[in-house]
There are 2 protein chains.
Amino acid sequence: MGRPRSHQATQVAAAQGRIRAAGERLTAPRAAVLAVLLASDTALTHHEVAQSLRTGTPVDRVTVYRVLDWLVGLALAHRIPGEDRTWRFRANRDSAHGPHAHFTCSSCGRTVCLEDVAVPPRVRLPRGFRPQKVELTVQGLCAACH
Amino acid sequence: MGRPRSHQATQVAAAQGRIRAAGERLTAPRAAVLAVLLASDTALTHHEVAQSLRTGTPVDRVTVYRVLDWLVGLALAHRIPGEDRTWRFRANRDSAHGPHAHFTCSSCGRTVCLEDVAVPPRVRLPRGFRPQKVELTVQGLCAACH
DNA sequence: GTCTTTGCGCAACCGAATTGCATCTGCCGC
DNA sequence: GCGGCAGATGCAATTCGGTTGCGCAAAGAC
């Protein structure tokens, strides 16, 4: 990582602020999980989040799952379905984050958001079908695995 | 479905032909699984395939998994990641089937291929990233659940 | 400080998918 | 037609991501 080790720690305050701003109860696990997401520039699996938490604020697996779901419900994070049948989570940078695409490296498995890739605005569906959400995922090799 | 009940049976011959054409060993489970996929107009989960096979040619769960993977490897079928963390499988109609989108009904869970929806030809990736596959999934309500 | 509400940790559970291994079977060569 | 063998199948056990139930603990309102 090019960031100082303390990056995650500095995000705790930001995480606390967001949780407070949402009017939700502030707990150590919640702040810690959100801080991990905020500190990461890739989408993280539940496992990776728990791993990051091992030192510092150990949090139970189940709690991590619950907090992640809770964050998604509050729109503080979003969930990305992976090719390997695991969810990945990513903090929403701003409240007005539009639909965007994701890139998954087929070598290292890392998933990043492609903020500047416009999800196709319109798809022609069979008659009677009503769209709700569009998911656009690109698979390939990232710069590191290139 | 508007098709006669025997539709699946009539597909066995087609399935056998495709397997033979691929120069692969022809077995009852392989033909049966492929016939099920060919007879379906929606993408099927492993479970649904095994279910369809219960009458007629009972096939072990594990064999269904293996045959499905094998079909994907031969490009006789393709695999669609679902929102519910289960794979869905669909026979490839013709050998030259391009990239296409998928629609999943969030109510009944049925997944269909949107053959006529062009997957965005180009996405701008960060430098050094190389695309391999683009997955475009639309979620919403199908005509039946509408 | 206390009290109520709500989240947390633990353990047990679930379902999809995978692996190991012994047995069976296409199908190739005769 | 008829072995023989590589490769496919079936069965059981296992892995793994994720979920559920429940008693205890902590947040925050008073």
Side-chain angles (χ1 to χ4, degrees), chain A residues 12 15-36 43-54 56-74 76-77 79-89 104 109 111, chain B residues 12 15-36 43-54 56-74 76-77 79-89 104 109 111:
Chain A
V12 173
Q16 291 175 335
R18 289 183 187 229
I19 293 170
R20 279 253 150 75
E24 292 289 323
R25 187 180 277 195
L26 177 61
T27 68
R30 289 180 172 182
V33 168
L34 183 50
V36 168
L44 300 176
T45 63
H46 147 267
H47 187 70
E48 290 166 333
V49 173
Q51 188 74 7
S52 289
L53 259 34
R54 271 242 311 269
T57 317
V59 177
D60 188 77
R61 303 189 315 116
V62 178
T63 302
V64 174
Y65 278 118
R66 288 197 271 233
V67 170
L68 288 171
D69 285 350
W70 173 83
L71 287 171
V72 171
L74 289 177
L76 287 176
R79 190 199 312 259
I80 309 164
E83 197 73 7
D84 54 357
R85 303 185 306 111
T86 63
W87 300 115
R88 281 158 209 274
F89 297 86
T104 300
T111 299
Chain B
V12 173
Q16 292 174 334
R18 289 183 186 228
I19 294 170
R20 279 252 149 77
E24 292 289 324
R25 186 181 276 193
L26 178 61
T27 67
R30 290 180 171 182
V33 168
L34 182 51
V36 168
L44 300 177
T45 63
H46 147 267
H47 187 70
E48 290 166 334
V49 172
Q51 187 75 7
S52 288
L53 258 35
R54 269 240 313 267
T57 316
V59 177
D60 187 76
R61 302 173 39 249
V62 178
T63 301
V64 174
Y65 278 117
R66 288 197 271 232
V67 170
L68 288 171
D69 284 351
W70 172 83
L71 287 171
V72 171
L74 288 177
L76 288 176
R79 189 198 313 258
I80 308 164
E83 197 73 8
D84 53 357
R85 303 186 307 111
T86 63
W87 300 116
R88 280 157 209 274
F89 297 85
T104 301
T111 300

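Reckoned from all heavy atoms, side chains included, excluding hydrogens, waters and symmetry mates. In what follows, chains carry the letters A, B, and so on, assigned in the order in which the sequence lines appear, proteins first and then strands, with residues in each chain numbered from 1.
Residue A/L53 forms a side-chain contact (heavy atoms from CB on, under 4.5 Å) with just one option from A/V36, A/D60, A/T63, and that option is A/V36.
Between its two ends, the helix from C/dG1-D/dC30 to C/dC30-D/dG1 turns its axis by 40°, counting five pairs per end and rounding to 10 degrees.
Where A/P58 and B/R66 each meet DNA chain C at their nearest nucleotide, the meeting point lying more 5' is that of A/P58.
The separation between A/L44 atom CG and D/dG17 atom P is 15 Å, rounded to whole Å.
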What does the list of N/O pairs under 3.5 Å between the protein and nucleotides 11-18 of chain C look like, with a distance for each?
| from | atom 1 | to | atom 2 | distance (Å) |
| --- | --- | --- | --- | --- |
| C/dA17 | OP1 | B/W87 | N | 3.0 |
| C/dA17 | OP2 | B/Y65 | OH | 3.0 |
| C/dA17 | N7 | B/R61 | NH2 | 3.2 |

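Taking both residues in full, the closest heavy atoms of B/T111 and B/R88 are given as OG1-CD, 3.1 Å, listed atom of the first, atom of the second, then distance. The two residues A/T104 and A/G109 have their closest heavy-atom pair at CG2-O, 4.1 Å. Scanning all heavy atoms of the two residues, the minimum distance from B/W87 to A/E83 falls at CH2-O, 2.6 Å. Looking at every heavy atom in both residues, A/A31 comes nearest to A/A15 through O-CB, 3.4 Å.
Residues B/F89 and B/V67 have side chains not in contact (no heavy-atom distance under 4.5 Å, counting atoms from C-beta outward).
Using a 4.0 Å heavy-atom criterion, one finds that B/R30 contacts the sugar-phosphate atoms exclusively.
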### Task
Heavy atoms under 4.0 Å is the rule here; annotate nucleotides 24-30 of chain C 5' to 3' with B where the base is hit, S where only the sugar-phosphate is, and - elsewhere.
-BBS---
